[in-house]
Structures are given as C-alpha cells and as structure tokens.
Amino acid sequence: MSETYVLPTLVKGPFPLPERWLVVNVGWLAVIFRNGVPFRVCGPGRHSTVTGLFTGRRLPATGELSVLLFDNAPQTVEMSADAVRLADARKVGVSAIAVVQPRWSSDPGSLLDVVARYGVLSSRYGEAAGVRLDADFRAWARRLLRERGHDDVYLAVDSRTILAGPPGASTGPGGGLLVVEQFVDVDVTPDPVVLAVEDAQDKVAVKVAKLEAGIALEPLRALLIDLRKQYADQTERAHSMRRAELDVDVAAVYDVIPLFMRDPEAAGEVVKARWETLTKLLGEYADTLPFAAEELKVTPTQLLQNLAQGRVPAPSGDSRGPSPDEIGELDERRRSA
C-alpha cells in the first residue's frame with residue numbers, strides 16, 4: 001500500500017448478543033453468527049428472536065450468538081501509483097481521491113460468503129480491502145495510461161478523465177471488497193526529465209526575448225545618447241540651478257549659509273571670516289550701530305543678526321540696499337554726535 005493511502009473503518013466487532021435482540025443503524029449491515037458460524041445478514045432496523053430472523057422460525061434462537069457490523073456507506077480513500085510508464089516512455093506519478101463502495105452494498109446476501117472466507121476478526125477485512133484496492137488502482141492506472149503521451153496526461157483539462165475507463169466498462173478499479181464509484185480528484189506528477197527540458201527551454205526563451213528587446217531598443221538608445229550630448233550644457237545648467245535652489249531652501253530651514261549644504265568645511269571658513277570682519281567692524285563702528293539700525297528701521301539686535309548672516313537689511317518700504325549718500329549721512333550724524 002502507498003504511504004498516502006487512508007482506509008476507513010470497514011468492519012466492527014465481533015460483539016456478543018446475550019439479550020437475543022439487535023438494532024442495526026442506517027448505513028450498516030450486520031452478520032449474525034450462531035455458535036461461530038455465519039447464519040444471517042440483517043439490514044437497518046430492530047431484530048429479535050421473536051420474528052424468527054435468527055432462526056427462520058417463530059422460535060427463540062439457541063446457542064451462542066455474536067455479530068459483525070459492516071459499513072455499507074460510500075467511503076472516501078486516497079490512492080497513488082508511482083512511475084507509471086506512458087506511451088512515449090516518460091514516467092509520471094498519479095495520485096487520486098476516490099469514492100468507494102463496499103462490494104456487498106449491492107448484494108447484502110454476499111456477505112455470508114465474504115464472512116465465510118475472512119472469518120470473525122474485523123481487522124482482516126480492512127487489511128484485505130486496502131491491499132487489494134491499492135493494487136487494483138496501480139494496475140488500472142498503468143493499463144489506461146500506457147497508450148497516452150506525457151502532455152496528453154499532464155496537461156489534461158480535467159485530470160479525472162485520464163482514469164476514466166472505456167465506454168461501457170466499469171467506472172474504476174475494484175475486484176476486492178471495495179469498488180471505486182468515482183474519482184473525485186486526480187493529480188499527476190510530471191516526469192522530471194520533461195520538467196528539466198521545459199526549464200531549459202524557458203531559460204533560452206527568456207534569453208532570446210532579452211536579446212530581441214535589446215535590438216529593438218537600440219535606435220532609441222542611440223537617439224537618447226545624441227540628445228544627451230546635444231543638451232549636455234543646458235541640462236547641466238538646469239541641474240546646477242535646481243541644486244542651488246534646493247541648497248538655499250534647505251539652508252534656510254537650518255539657518256546656515258547655502259554653501260554649507262555642499263561644502264561644510266568651506267562654509268565654516270566663510271562664517272569664520274565673516275565673524276572676524278564683523279568683530280573688527282563692531283570694534284570700529286560700535287557707536288554708529290544704533291543710528292544705522294534706526295535708519296534701516298530695525299533694532300540693533302536684528303541688525304547684528306543680519307550682519308552675522310552676511311546680509312544688510314533694507315529700509316522698511318524700500319527693497320534697495322544702502323546708497324553711498326546714505327552711508328555718508330550716517331557718518332555725518334556720528335561725527336555731530
């Protein structure tokens with residue numbers, strides 16, 4: 001049997017019948033033993049010695065009575081067959097889930113012959129049914145697929161059709177205690193050689209597609225190279241302007257000079273030089289700063305902040321910078337003071 005095969009509970013018992021009556025549930029059949037000999041098959045319902053079902057007469061049954069219960073309902077099982085050889089010498093694996101019916105479901109009376117053969121131990125029935133059904137399935141698959149090719153089997157739209165018998169034949173294997181009623185699902189494992197060939201073909205196809213795409217895009221690539229060369233200077237200028245604008249915006253966020261965004265070390269030197277110049281300027285014109293702040297309509301603190309950032313604030317309402325005449329007037333006011 002295959003490792004994936006699952007056999008349902010088929011037979012239960014034996015159970016003694018000391019009370020001389022029996023209830024059989026729907027979906028089961030019971031075989032009554034009298035003194036160890038199979039005597040009668042009972043269907044679903046209540047049975048007792050008064051009706052004569054055990055003896056055949058309207059008299060109490062004598063002797064020791066026992067019962068075996070046989071499952072009479074359809075069951076679902078799994079089966080598989082490995083290395084099934086096809087018409088093109090390829091080999092595939094086939095696994096199936098099938099609905100099986102006990103052979104006695106269509107002829108309950110045949111249970112007497114079955115019991116006479118297999119005896120009273122319930123474990124024998126499941127083992128015999130499983131081994132025979134698995135062997136029948138392997139033979140069935142090999143017989144049907146030996147005339148079909150790999151693609152016909154592996155690429156079938158409905159894989160269940162590959163295990164369908166010829167018209168007028170039985171629906172599936174089953175010469176033992178279980179008979180296949182229908183295949184619910186069938187799965188085919190392809191030949192590894194075929195998979196390897198298909199994988200190699202796929203890789204070649206991908207490589208060819210890449211080469212064809214490269215050839216098709218070659219004119220476009222040449223055009224783009226020419227355009228890049230033609231507009232290199234213009235593109236570089238536009239890039240530099242965008243970079244400068246970005247540096248100014250980011251520098252404003254962090255309150256640093258724009259040069260700091262591209263060259264922090266050089267920006268530090270510039271700031272240092274500015275501070276040195278500002279220090280000298282403050283030392284020389286410290287008494288003039290209040291007048292300059294007043295003229296520029298800012299506070300002395302704001303004036304110092306702007307000077308530290310390398311800017312001179314414009315007078316309120318006038319965006320122009322200080323003219324030489326205005327600077328002269330400041331000097332006159334400083335001397336008069």
Side-chain angles (χ1 to χ4, degrees), residues 1-11 71 73-103 105-106 123-217:
M1 296 174 61
S2 66
E3 295 181 357
T4 59
Y5 184 81
V6 178
L7 182 68
T9 301
L10 195 61
V11 182
D71 196 339
Q75 306 277 2
T76 301
V77 299
E78 298 179 18
M79 300 170 288
S80 66
D82 299 326
V84 179
R85 189 179 182 88
L86 305 178
D88 53 8
R90 301 298 184 186
K91 294 182 179 180
V92 298
V94 182
S95 59
I97 298 177
V99 175
V100 298
Q101 189 80 14
R103 181 168 296 280
S105 62
S106 60
S123 59
R124 293 177 179 174
Y125 295 87
E127 181 180 356
V131 171
R132 179 60 185 272
L133 181 62
D134 201 46
D136 287 347
F137 174 76
R138 290 195 301 269
W140 179 271
R142 291 190 173 97
R143 183 171 64 255
L144 290 180
L145 302 184
R146 66 185 177 183
E147 298 178 357
R148 306 181 70 168
H150 185 274
D151 289 349
D152 187 24
V153 172
Y154 180 57
L155 302 179
V157 176
D158 186 352
S159 57
R160 293 174 297 181
T161 60
I162 67 174
L163 294 179
S170 59
T171 57
L177 300 180
L178 296 175
V179 179
V180 173
E181 189 175 81
Q182 64 174 331
F183 289 104
V184 178
D185 182 52
V186 177
D187 183 61
V188 178
T189 303
D191 191 307
V193 176
V194 174
L195 289 182
V197 172
E198 290 180 349
D199 185 59
Q201 291 175 345
D202 291 342
K203 290 181 179 178
V204 171
V206 170
K207 187 175 181 180
V208 170
K210 288 182 177 179
L211 292 175
E212 292 177 349
I215 295 173
L217 293 175

If you look only at pairs with a residue in residues 205-216, which of them pass as a side chain to side chain donor-acceptor pair (under 3.5 Å), with sequence neighbours excluded? none
Measure from the side-chain N and O atoms of Asp88 to the backbone N and O of Gly149, and report whether any donor-acceptor pair falls under 3.5 Å. no
Identify the residue among Val99, Val184, Leu133 that makes a side-chain contact (heavy atoms from CB on, under 4.5 Å) with Val77. Leu133
For Arg124, the side-chain contact (heavy atoms from CB on, under 4.5 Å) test, sequence neighbours excluded, returns Leu121
Is the shortest side-chain heavy-atom distance between Leu195 and Glu198 below 4.5 Å? yes
Is the backbone N or O of Gly93 less than 3.5 Å from a side-chain atom of Asp82, with the two atoms forming a donor-acceptor pair by type? no
Any residue meeting side-chain contact (heavy atoms from CB on, under 4.5 Å) with Arg103, in chain and number order, not counting sequence neighbours: Val179
Return the minimal non-hydrogen interatomic distance between Gly175 and Asp136, and the atom names on each side. N-OD2, 2.8 Å
Quick one: list whatever passes salt bridge (Lys or Arg N to Asp or Glu O under 4.0 Å) with Arg160, sequence neighbours left out. Asp158
CG of Leu145 to NZ of Lys91: how many Å apart, nearest 0.5 Å? 14.0 Å
Can you tell me how far apart CD1 (Ile97) and CD (Gln182) are? Round to the nearest 0.5 Å. 12.0 Å
Do Leu163 and Phe137 have side-chain heavy atoms sitting under 4.5 Å apart? yes
Approximate separation, where rounding is to 0.5 Å, of Asp134 CG and Met79 CE: 8.0 Å
Looking at side-chain heavy atoms only, is the closest gap between Val180 and Val100 below 4.5 Å? yes
CG on Asp152 to CD1 on Ile162, rounded to 0.5 Å: 9.0 Å
Is there side-chain contact between Pro190 and His150, with heavy atoms separated by less than 4.5 Å? yes
Can you name the closest pair of heavy atoms from Ala73 and Pro102 and give their distance? O-CD, 3.5 Å
Starting at CG of Asp187, measure out to OH of Tyr154 and round the result to the nearest 0.5 Å. 8.5 Å
Mind checking salt bridge (Lys or Arg N to Asp or Glu O under 4.0 Å) for Asp202 and listing every partner two or more places apart, or none if nothing turns up? none
Taken in chain and number order and not counting sequence neighbours, the residues that satisfy side chain to side chain donor-acceptor pair (under 3.5 Å) with Ser105 are Gln101
Can you find a pair of side-chain heavy atoms, one from Leu178 and one from Leu10, that are under 4.5 Å apart? yes
